[in-house]
A.B. asks: 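Below: one structure in structure tokens.
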Amino acid sequence: MEPSRPRLPLLLLLLHFSLLASPCSARWRDGGGVGDLRESFLRCVARRSPATAGDPSRLVHAPGDASYPSLLDSTIQNLRFASPRTPARRWCSRPFAVVDVAALRAVRVDAVRGVARAEAGATLGELYYTVAEGSGGRLGFPAGICPTVCVGGHLSGGGFGPMMRKYGLAADNVVDAEVVDAEGRLLDRAAMGEGLFWAIRGGGGGSVGIVVSWTVNLVPVPAVVSAFTVHRLLLRRGGHDEQSLLRLLTKWQAVAHALPDNLFVKMSMEAKTINDGDDSTRHPLVTFKSLFLGNCSDMITQIDHHLPELGIKPTDCREMNWLQSMLYSYGYTNGQPAEVLLDRTLQPKDYYKIKLDYLTSPIPTPGLIELLTKIVEDEDGSIDIDPQGGEMSRIPESGTPYAHRSGYLYNLQYFVKWGGDKNVSYEDDHLSWVRGLHELMTPYVSKNPRAAYINYRDLDLGQNVEGNTSYEEARVWGEKYFRGNFRRLAMVKGEVDPDQLFWSEQSIPPLVVSTRDAGLVSDS
């Protein structure tokens, strides 16, 4: 389509960005008043949007407004970013805008064509529910298990979930999108070109434009899927029980990435506290959780063949439809209604920190023992290991910015959260634990570079320096997220936003190259 102006409520956000790139913003940076800029901006909103001519200020909230703090904090899920201790809360010297697309949440399903269009502010739960309802349960979408995560960010970074071994990442199933670029134009795939379209499907949000909607291919799902959750609690260390668990973990690592594509079996670890009179002790609790696109009988047959050590029994297995399995994967295992997926407040607000690694070979026994020891040191910590393989390995590394494909067997997530009465005063201990765990696993994880995942942004890896963002300096962290695709992302950035209107601590820096090389980016 031809470039067009975006509709409200995004309009004011676009104008804000356009204004920051205008002579007005230059005057601001050179000493012009913030008030002058704000008044100019409001007049522009009123002129460009008759619907807000009466009171354009209701769509624009500046730091001095009484409404500003509550609006800024309203969508923060990680309370660390609402803490004065967090650098992100401190004002930087360059003008900036926070773009909130939460009101863009419509989802439309075309079951005949097998596609859905979801606006960026829609949650995964809303997408799943609408897809299942609109297709009579025949179609699903391969994305993550947290229903309150919004589509916009999830797809921008890739988006893995329990069907990725069958259908790839969420971003692998994107067929079109609408993006507001640095010039304020609303572009679909045809208008933006294949270079930018490639970059938004896994290159991380906030670098090359604002994605306001995604069009995705839906995938067939059977009427019945099945799942199990089984636990192994290690009460005694160093004896037969530990050796048995280590053998199970070793076998699981050998086969989980190579199981049939329609079978996903993940593993997690956490600490379980056992109270014995006046004493309490923590023990490693290992959990195996599955999703199988078929019935229980067929799943048990596959598990008995590939992983008999797990000892799955028919009573361990539950049958359900695909939509119910998304609730089950999130932890709602007691038959809650599917409408729970529409609750945007399901996820409680906590303080948390996540780091991620990839495994290109199984963790040997000494590393597994270290994990079992480390996990009990923090009662609020957990470790998730998700198998890749299947379709994830068949998609070329350059197919999208997400480069961790063939040869990357598992992703390994380290997670710690603390909330309620465990407020920010506990932060240093928890951060020390999760960073120590990441360091502990150095010998066992991917190398050259040590890979990371952009949807779990980790400023520990490095960050842009305000006003001095260079491609060469950013390679330190950028190639961990994207490997060789980082250069191509930087070339796209150089084409569509060379002045870095879209900037953050880990936004893609621009790399301006020759006309010939730039053509390769656009045509790829």
A.B. asks: Do NZ/NE/NH1/NH2 and the carboxylate oxygens of Glu391 and Arg165 come within less than 4.0 Å?
C.D. replies: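 Between Arg165 and Glu391 there is no salt bridge, as every charged N stays at least 4.0 Å from the carboxylate O atoms.
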A.B. asks: Are Glu505 and Arg457 ion-paired here, with the side-chain N under 4.0 Å from a carboxylate O?
C.D. replies: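 Salt bridge absent between Glu505 and Arg457.
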A.B. asks: For the pair Asp176 and Arg189, find out whether any cationic side-chain nitrogen is under 4.0 Å from an anionic carboxylate oxygen.
C.D. replies: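 Not counted as a salt bridge, because no side-chain N and carboxylate O are separated by less than 4.0 Å.
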A.B. asks: Cation over ring, Arg488 on Trp198, under 6.0 Å and within 45°?
C.D. replies: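 Judged by the rule (NZ or CZ under 6.0 Å from the ring centre, within 45° of its axis), Arg488 counts as positioned above Trp198.
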A.B. asks: Between Glu178 and Ser213, does any side-chain donor sit less than 3.5 Å from a side-chain acceptor?
C.D. replies: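 Yes.
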A.B. asks: Could you tell me whether the side chains of Ser470 and Glu473 share a donor-acceptor contact shorter than 3.5 Å?
C.D. replies: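 Side chains of Ser470 and Glu473: pair found under 3.5 Å.
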A.B. asks: Please determine whether a side-chain nitrogen of the Lys or Arg among Asp384 and Lys289 lies less than 4.0 Å from a carboxylate oxygen of the Asp or Glu.
C.D. replies: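 A salt bridge is absent here (no side-chain N lies under 4.0 Å from a carboxylate O).
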A.B. asks: Out of Asn455, Asn411, Ile145, which residue meets the side chain to side chain contact (heavy atoms under 4.5 Å, CB included) rule with Phe160?
C.D. replies: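 Testing Phe160 for a side chain to side chain contact (heavy atoms under 4.5 Å, CB included) against Asn455, Asn411, Ile145 leaves exactly one candidate, Asn411.
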A.B. asks: What ring pair (Phe, Tyr, Trp, His ring centres under 6.0 Å) pairs are there with at least one residue in residues 129-156, not counting sequence neighbours?
C.D. replies: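 Sorted pair list comes back empty.
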A.B. asks: Tell me which one of Met392, Arg201, Met163 satisfies side chain to side chain contact (heavy atoms under 4.5 Å, CB included) with Leu169.
C.D. replies: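 The side chain to side chain contact (heavy atoms under 4.5 Å, CB included) with Leu169 is passed solely by Met392 among Met392, Arg201, Met163.
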A.B. asks: Under a 4.0 Å threshold between the charged nitrogen and the carboxylate oxygen, would Arg405 count as salt-bridged to Asp172?
C.D. replies: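 Yes, this pair counts.
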A.B. asks: Answer yes or no: does atom CZ of Arg108 have more than 12 heavy-atom neighbours from other residues, nucleotides or ligands under 6.0 Å?
C.D. replies: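 Atom CZ in Arg108 is not packed in, count stays at 12 or less.
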A.B. asks: Looking at Arg475 and Glu479, is any side-chain nitrogen of the basic one under 4.0 Å from a carboxylate oxygen of the acidic one?
C.D. replies: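 Between Arg475 and Glu479 there is a salt bridge, with a charged N closer than 4.0 Å to a carboxylate O.
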A.B. asks: I'd like to check Lys417 versus Asn78 (side-chain heavy atoms, cut-off strictly below 4.5 Å). Are they in contact?
C.D. replies: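 A side-chain contact under 4.5 Å is absent here.
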A.B. asks: Ring pair (Phe, Tyr, Trp, His ring centres under 6.0 Å) with Tyr358: which of Tyr453, Tyr410, Tyr408, Tyr456?
C.D. replies: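 Among Tyr453, Tyr410, Tyr408, Tyr456, the one meeting ring pair (Phe, Tyr, Trp, His ring centres under 6.0 Å) with Tyr358 is Tyr408.
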A.B. asks: Distance-only, no hydrogens or angles: does the Gln388 side chain make a donor-acceptor pair with backbone N or O of His404 under 3.5 Å?
C.D. replies: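 It does hold such a pair.
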A.B. asks: Heavy atoms, side chains only, cut-off 4.5 Å: are Leu346 and Tyr332 in contact?
C.D. replies: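 Contact flag for Leu346/Tyr332 side chains = yes.
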A.B. asks: Mind telling me whether Tyr128 and Trp322 have parallel, tilted or perpendicular rings, with 30° and 60° as the class edges?
C.D. replies: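 The rings of Trp322 and Tyr128 stand perpendicular, inter-plane angle above 60°.
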A.B. asks: Hey, could you give me the CG/CG distance between Leu359 and Leu412, rounded to the nearest 0.5 Å?
C.D. replies: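 Answer rounded to 0.5 Å: 5.0 Å.
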A.B. asks: For the residue pair Asp357 and Tyr414, confirm or rule out a side-chain donor-acceptor distance under 3.5 Å.
C.D. replies: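 Distance-only check passes for Asp357 and Tyr414.
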A.B. asks: List the residues meeting side chain to side chain donor-acceptor pair (under 3.5 Å) with Asp386, not counting sequence neighbours, and say none if there are none.
C.D. replies: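 Asp386 satisfies side chain to side chain donor-acceptor pair (under 3.5 Å) with Lys266, Gln413 once adjacent residues are dropped.
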A.B. asks: Less than 6.0 angstrom separating the ring centers of Tyr481 and Phe486, yes or no?
C.D. replies: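 Not close enough - the centres of the two rings lie 6.0 Å or further apart.
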